[in-house]
Amino acid sequence: MVDTPAPPIPPYLAMLNPEQREAVLHTGKSGDAVHPLLILAGAGSGKTRVITTKIAWLIRERGVDPRSILAVTFTNKAAREMADRARLIDERAGDAMLRTFHSFGAWFLRRNGSLIGLNNAFVIYDDDDVAALLATLLEDTPKAEVKQIAHNISRAKDFFLGPESPELDLIDHRKQFRQIYARYEERLAQIGNVDFGDLIKKPVEILQGQPDVARRFRDRFRVIMVDEYQDANIAQFELLKELCGPDTYVCVVGDDDQSIYRFRGAEVRNILEFPHRFPGTDIIRLERNYRSTEPILRAASSVVARNESRLGKELRSERGPGKTPVLAFLPNQDEEAGFCAKLIENSVKGGAGSGKGGVSGKPDAGAAGKDKAAEQPKAGSPAAAFSDWAILYRTNAQSLGFETEFLRRGIPYRVVGSLKFYEREEIKDALALLSFLVNPRDEIAFRRVVNKPTRGVGPATVDRIVDASTGSAASLGGDLGAAAKELLPELSAKARAGTEAFLKVIEDGRTLLADQDEAKSKEVKKQARKSKDREELRAGEGLSVLVVHLVKDSGIADYHQTNDEISGNQRLNNLQELANAASLYAPNIDGLLEFLEHIELDRSLEDDTNKDKTKDNAVTLITFHNTKGLEFRRVIMTGIEQGIFPREDKQDEELEEERRLFYVGATRAMDELYLTSCAMRRIFGRTMPEEPSLFLREIDKSVLRIIGDAPYGFGSGTGGGHGGYGIPAGIRPQHRSDSRPPADCTGLGGSPSHWQRGDRLYHDDHGYGAVIEVRDSEEGPVVRVQFETGKELRFLSLHQGSRFTKIGRDS
DNA sequence: TAATCGATCTTTTTT
DNA sequence: AGATCGATTA
């Protein structure tokens with residue numbers, strides 16, 4: 001070893017623990033080899049701190065040019081946070097490229113897409129657009145099937161498989177799939193847009209096919225870091241590989257126990273096999289957890305430890321002992337919501353200091369702070385803020401019950417993730433107008449808005465225009481606007497007028513954008529301001545001028561405001577919100593492209609409804625998946641029942657993934673963890689008996705307190721002695737009376753179809769009635785029923801699952 | 001050709 | 001319970 005005098009350790013390094021510091025200081029250089037680095041970072045081990053510190057350190061102490069650093073994440077939030085925190089240590093980190101995989105891919109394609117014939121003014125299709133495009137290719141195919149195919153195509157791209165790849169059969173073995181995929185690719189190329197998977201797959205293809213481009217990029221990026229590497233799919237792995245030259249320094253960070261995106265192509269093997277794929281890899285483990293207390297960590301670990309395929313890692317709590325996690329057995333989901341509500345109310349009422357809020361729920365906040373241990377809750381539980389709490393559930397649908405209950409009790413809450421802002425009809429309409437404006441070949445956008453509001457341009461006319469654009473007249477190059485214009489003379493008066501009107505809207509939009517000299521834009525603005533009537537859209541700065549103009553001019557705004565009496569104004573607000581978001585972008589084509597790309601890739605823009613509730617002090621309602629990277633002082637994991645979590649069809653590898661999901665959820669909790677499991681639950685509108693989740697049996701019982709009526713092998717959770725559990729009497733779960741369901745829940749018992757005249761029945765919607773005629777048809781027996789209400793209805797099939805119950809027969 | 005009604009089927013998780 | 005599909009109706 002060469003002796004160099006130890007330089008003083010700068011404070012930003014001094015606060016790291018030895019493993020963290022080792023990870024930061026690792027450069028991979030030994031001799032002329034460059035060793036890649038794999039950081040196995042357990043939950044709450046200060047992973048983000050390590051990455052950001054490492055970036056800053058490389059710039060500061062190693063003289064690495066910030067522009068030569070590329071750091072990729074999976075979510076925009078993570079990317080933003082990383083940028084913010086790195087910049088905090090060293091300003092220059094702002095010049096490093098910190099992006100999500102997809103946004104990097106889009107950035108790459110805007111510059112290099114032309115090499116494979118992609119116009120740089122492409123728009124990114126989301127899943128719905130993909131399905132819509134497929135639907136035009138597959139007439140008369142049920143929506144569900146189209147979606148399935150869309151999903152499979154997306155999976156194929158995740159695995160870097162094209163329509164010709166032999167392995168395609170592993171994704172979808174149906175013979176036509178290959179052909180449909182090929183047709184889809186062809187049509188998408190004609191349109192000139194890309195889908196999500198293309199943002200990864202196409203850059204890899206370019207890098208593979210064009211050595212000079214690859215060289216250029218390898219030259220530019222000397223350091224590449226990947227966060228949440230366990231979530232990378234095969235295509236992303238390929239991209240990483242292509243970007244890495246012999247002396248690129250690669251550092252990936254991840255946790256195999258937190259790999260939860262297999263369903264969308266994430267490949268755990270990426271991280272498990274990283275050392276083989278990148279020979280010479282050094283591995284550093286971060287196993288000190290600064291977030292959760294000991295019992296919480298033990299409970300979480302005891303479950304995930306049952307998994308077979310994991311690298312193995314033992315998390316140790318730096319926070320020491322704490323409250324034992326509580327498992328509550330409850331009668332049904334209403335009680336579950338009530339239980340959570342009372343738990344929260346009691347904790348908040350607890351005393352002064354409540355209502356400050358905004359403390360937790362911050363991603364990975366100060367994970368390495370040793371001082372944190374001092375804040376440990378005392379026995380008597382200090383008062384909590386609403387924002388200390390998070391309710392976790394497996395599926396978004398489960399949020400409803402909590403929302404209802406919290407609304408009723410006035411508990412502030414905020415729903416994360418299901419924000420569907422960009423899925424709203426009015427927003428999609430507006431975006432379609434904008435998309436069509438930049439890309440007149442966009443069939444999907446065109447179809448969406450050409451006859452909205454109704455302009456007399458029916459499907460037949462639309463098809464003609466689309467055919468004309470792609471057909472013989474190659475001169476049109478797929479331009480739908482041009483094709484429409486050319487067809488005008490041949491259309492009926494009504495269709496012609498409508499088409500012309502639509503074309504004018506788009507034309508005016510383009511003009512507005514083209515001569516966006518200050519005078520013009522101000523004029524529009526002034527005019528918009530003048531009409532100060534209530535609920536009027538107002539144009540502000542930048543691109544919002546165009547958005548507002550287009551939305552009004554096209555009639556989309558009016559259409560939604562008047563068509564929907566109840567929420568018309570809400571819809572208008574949403575459009576306004578979209579316009580506001582657009583104000584940050586330049587009023588020209590490039591700005592518009594940027595805006596659309598941003599929207600497609602970062603859907604975190606909040607809904608207007610949610611804004612009201614986004615007081616900084618609110619309970620968080622969130623799916624397990626969405627909690628990754630977050631932490632909360634108190635967490636309630638709900639619906640921990642067999643069939644719900646894990647889902648019933650999960651086995652083997654997929655079961656292991658569910659287990660990891662459980663682990664992710666539990667390790668979000670800092671101070672207190674609760675789990676709830678119901679005996680009955682409404683599913684598809686019917687109440688079904690439930691069983692406790694397998695995972696509940698797997699938890700180390702020495703770190704679990706069971707309350708409520710525990711079924712089967714869960715020991716004596718019943719009865720009186722809750723005394724020492726620290727659960728106030730008022731919120732003790734009630735015992736369920738009897739969990740057996742009624743004998744026959746499925747409606748019609750017995751033979752399905754043997755109805756005859758005179759049968760009496762009960763229909764869920766129409767009440768009592770009697771069969772007055774039975775007739776056979778091709779589809780099966782047709783039954784005519786006379787209801788007490790006087791209604792007379794005919795029903796095609798009265799087999800299982802229908803809403804009838806036979807209750808007897810007239811003589 | 002759009003709107004309405006009833007039957008049937010559906011549910012993960014998301015960049 | 002909610003979305004979606006298909007058929008019947010105005």
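The chains referred to below are lettered A, B, ... by the order of the sequence lines, with proteins before strands, and numbering in each begins at 1.
- When ring centroids are compared, Tyr393(A) and Phe624(A) stay outside the 6.0 Å threshold.
- In plain terms, the two heavy atoms of Glu641(A) and Cys678(A) that are nearest each other are OE2-N, 2.8 Å.
- Using a 4.0 Å cut-off, no side-chain N or O of Asn626(A) falls inside it from OP1 or OP2 of dT13(B).
- To the nearest angstrom, P of dT14(B) lies 10 Å from OH of Tyr393(A).
- Near DNA chain B, meaning a heavy atom under 4.0 Å from it, residues 259-269 of chain A has Tyr261(A), Phe263(A), Arg264(A) in order of number.
- Atom-to-atom, CZ of Phe662(A) to P of dT13(B) comes out at 19 Å; the value is rounded to the nearest Å.
- Of all the residues in residues 635-644 of chain A, not one reaches under 4.0 Å from DNA chain B with any non-hydrogen atom.
- Rounded to whole Å, the separation between the C1' atoms of dT12(B) and dC5(C) comes to 23 Å.
- OP1 or OP2 of dT14(B) has not a single side-chain nitrogen or oxygen of Thr75(A) nearer than 4.0 Å.
- Residues satisfying the salt bridge (Lys or Arg N to Asp or Glu O under 4.0 Å) test with Arg155(A), not counting sequence neighbours, are none.
- When the nearest nucleotides of DNA chain B are assigned to Phe74(A) and Arg394(A) by heavy-atom distance, the more 5′-ward of the two goes with Arg394(A).
- The distance between atom CG of Asp195(A) and atom P of dT14(B), rounded to the nearest whole Å, is 19 Å.
- Take Glu145(A) and apply the side chain to side chain donor-acceptor pair (under 3.5 Å) test, not counting sequence neighbours, and it matches no residue.
- Between Asn396(A) and dT13(B) there is a side-chain N or O to OP1 or OP2 distance below 4.0 Å.
- Protein atom CZ of Phe101(A) is 16 Å distant from nucleotide atom C1' of dT14(B), rounded to whole Å.
- Residues Tyr229(A) and Asn270(A) approach most closely at CE2-O, 3.3 Å, considering heavy atoms.
- In this structure, Gln230(A) places its CD atom 15 Å from P of dT15(B), rounding to the nearest Å.
- When distances run from any side-chain atom of Phe684(A) to the nucleotides dT15(B), dT13(B), dA1(C), the shortest one goes to dA1(C).
- In the model, Asn152(A) has a side-chain atom that pairs as donor or acceptor with a side-chain atom of Gln148(A) under 3.5 Å.
- Residues that satisfy the salt bridge (Lys or Arg N to Asp or Glu O under 4.0 Å) test with Glu228(A), not counting sequence neighbours, are Lys47(A), Lys628(A).
- When all heavy atoms of Phe402(A) and Leu621(A) are compared, the pair lying nearest together is CB-CD1, 4.1 Å.
- One interatomic measurement links the two molecules: CD of Glu690(A) to P of dT11(B), which rounds to 19 Å at whole-angstrom precision.
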Contacts table for residues 102-111 of chain A: side-chain donor-acceptor under 3.5 angstrom, sequence neighbours left out:
unit_1    : atom_1 : unit_2    : atom_2 : d
Ser103(A) : OG     : Arg99(A)  : NH1    : 3.1
Arg110(A) : NE     : Glu597(A) : OE1    : 3.0
Arg110(A) : NH1    : Asn120(A) : O      : 2.9
Arg110(A) : NH1    : Phe122(A) : O      : 2.8
Arg110(A) : NH2    : Phe122(A) : O      : 3.3
Arg110(A) : NH2    : Glu597(A) : OE1    : 3.0
Arg111(A) : NH1    : Trp107(A) : O      : 2.8

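- Of the P atoms belonging to dT13(B) and dT4(C), the separation is 15 Å, rounded to the nearest Å.
- If you measure from atom CG of Asp127(A) to atom C1' of dT12(B), you get 14 Å, rounded to the nearest angstrom.
- Atoms CG (Asp158(A)) and P (dT14(B)) sit 15 Å apart, rounded to a whole Å.
- Along DNA chain B, the nucleotide nearest to Arg647(A) and the one nearest to Thr454(A) differ in position, and the one closer to the 5' end is contacted by Thr454(A).
- When all heavy atoms of Ser677(A) and Ile640(A) are compared, the closest pair comes out as OG-O, 3.1 Å.
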